[in-house]
Amino acid sequence: MLIRKLPDCPEFVAGDRTRLRELLHPDRDYAFSGRYSLAHAVVAPGQTSSRHRLAGSETYYIIKGRGEMHVDAEVAPVEPGDAIEIPPGATQWITNIGPVDLVFLCIVDPAWRAEDEEILE
């Protein structure tokens, strides 16, 4: 059984400017057998992630805070309990529109790789 605890995962600033902790990734040194990657992301109040796109599909699951999600030409408010599908190749970014950290999970399938992400700003 593999259990990864969030505090044990180092935080870093991702290419899209979100604070990220990678929980699961099949290419890392622990025994995860999935084909996707799972990360915990944080965007501070008033901040926006960089416009970017991934070669694979991505899903966000909002845990805390309020945001405004942009996927290509679509814009929608998001809040805890919302799951957002981001199709492969879609231009995406998220803005924290609330007074507390916007916290969400990111699931990328197939697993995230630097060469599969394009930062647009």
Side-chain angles (χ1 to χ4, degrees):
M1 176 186 313
L2 171 64
I3 298 175
R4 299 270 295 157
K5 296 188 180 296
L6 185 64
D8 295 339
C9 302
E11 185 176 275
F12 61 96
V13 177
D16 70 354
R17 297 191 317 235
T18 59
R19 292 184 356 239
L20 216 60
R21 290 178 189 254
E22 188 176 76
L23 288 158
L24 298 172
H25 196 291
D27 295 340
R28 304 303 181 246
D29 61 353
Y30 44 84
F32 176 60
S33 60
R35 61 172 254 143
Y36 62 90
S37 59
L38 173 65
H40 180 272
V42 178
V43 176
Q47 298 296 306
T48 299
S49 67
S50 296
R51 291 174 55 242
H52 63 287
R53 62 178 152 239
L54 298 176
S57 67
E58 186 167 24
T59 301
Y60 284 179
Y61 180 76
I62 308 299
I63 298 170
K64 176 182 167 189
R66 291 180 28 243
E68 182 176 82
M69 187 72 211
H70 299 256
V71 178
D72 288 331
E74 296 181 83
V75 180
V78 293
E79 61 186 18
D82 290 349
I84 303 105
E85 177 198 17
I86 305 160
T91 299
Q92 59 166 300
W93 69 97
I94 193 165
T95 300
N96 182 338
I97 59 172
V100 300
D101 283 347
L102 176 61
V103 180
F104 53 100
L105 296 176
C106 308
I107 302 165
V108 179
D109 185 28
W112 181 90
R113 297 181 321 157
E115 58 267 29
D116 293 338
E117 181 174 37
E118 179 183 7
I119 304 296
L120 301 170
E121 25 184 75

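All values derive from a computational prediction rather than experimental measurement.
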Give the minimum heavy-atom separation between Thr18 and Ser49, together with the two atoms involved.
CG2-CB, 3.8 Å
Side-chain heavy atoms nearer than 4.5 Å, only ILVMFWY residues, links allowed to pass through others: does that put Ile94 and Ile84 together?
yes
Short N-O contact, Arg21 and Glu11, less than 4.0 angstrom
yes
Going by heavy atoms in the side chains, are His40 and Val103 under 4.5 Å from each other?
yes
Minimum heavy-atom separation for Ser50 and Ile119, please, with both atom names.
CB-CG2, 4.1 Å
Value rounded to 0.5 Å, distance of CG in Leu120 from CG in Asp16:
11.0 Å
Quick one: do Asn96 and Thr48 satisfy side-chain contact (heavy atoms from CB on, under 4.5 Å)? Show the steps, please.
CA-CA 6 Å; Asn96 182 338; Thr48 299; over 6 Å; no
Any donor-acceptor pair under 3.5 Å linking the side-chain atoms of Glu85 with those of Tyr60?
no
If only atom types and distance count, is the side chain of Asp72 paired as donor or acceptor with the main-chain N or O of Glu74 below 3.5 Å?
no
Does any part of the side chain of Arg4, heavy atoms only, come nearer than 4.5 Å to the side chain of Leu24, both counted from C-beta?
yes
Report yes if some heavy atom in the side chain of Cys9 is under 4.5 Å from a heavy atom in the side chain of Glu22; otherwise report no.
no
Test item: Tyr61 and Asp82 side chains (from C-beta on) under 4.5 Å apart, heavy atoms:
no
Might you point out which heavy atoms bring Ile3 and Met1 nearest each other, and give the distance in Å?
CD1-SD, 3.6 Å
Is it possible for you to say whether Leu20 and Val43 belong to one hydrophobic cluster, with membership spreading through side-chain heavy-atom contacts below 4.5 Å?
no
Hey, could you give me the CZ/CZ distance between Phe32 and Arg35, rounded to the nearest 0.5 Å?
11.0 Å
If the threshold is 4.0 Å, N to carboxylate O, is there a salt bridge linking Lys5 and Asp8?
no
Do Leu105 and Leu38 come within less than 4.5 Å of each other through their side chains, counting heavy atoms only?
yes
Should Val42 and Leu23 be counted in the same cluster of Ile, Leu, Val, Met, Phe, Trp and Tyr side chains packed under 4.5 Å apart?
yes
Asp27/Arg113 ion pair, N-O < 4.0 Å:
no
Whether His25 side chain and Ala111 backbone form a donor-acceptor pair below 3.5 Å
no
What are the two closest non-hydrogen atoms of Pro110 and Gly56, and how far apart are they?
CD-CA, 4.2 Å
Residues Glu68 and Val75: closest non-hydrogen pair is CG-CG1, 3.4 Å
Any side-chain donor-acceptor pair under 3.5 Å between Arg53 and Thr91?
yes
Would you call Glu58 and Gln92 a side-chain contact if the rule is heavy atoms closer than 4.5 Å?
yes
Are Leu102 and Met69 co-members of a hydrophobic cluster defined by side-chain heavy atoms under 4.5 Å apart?
yes
Do Ser57 and Pro88 have side chains that get closer than 4.5 Å, going by heavy atoms?
yes
Salt bridge check: are Lys64 and Asp101 linked by an N-O gap of less than 4.0 Å?
no
Treat each ILVMFWY residue as a node, draw an edge where side-chain heavy atoms are under 4.5 Å apart, and state whether Val71 and Trp93 are in one component.
no
Let's go through Glu118 and His52 carefully: what are the C-alpha distance in whole Å and the side-chain angles of both, what is the deciding distance for side-chain contact (heavy atoms from CB on, under 4.5 Å) to 0.1 Å, and is it a yes or a no?
CA-CA 6 Å; Glu118 179 183 7; His52 63 287; over 6 Å; no
Could you pull out the closest heavy-atom pair between Gly34 and Pro26, with the gap in Å?
O-CB, 3.1 Å
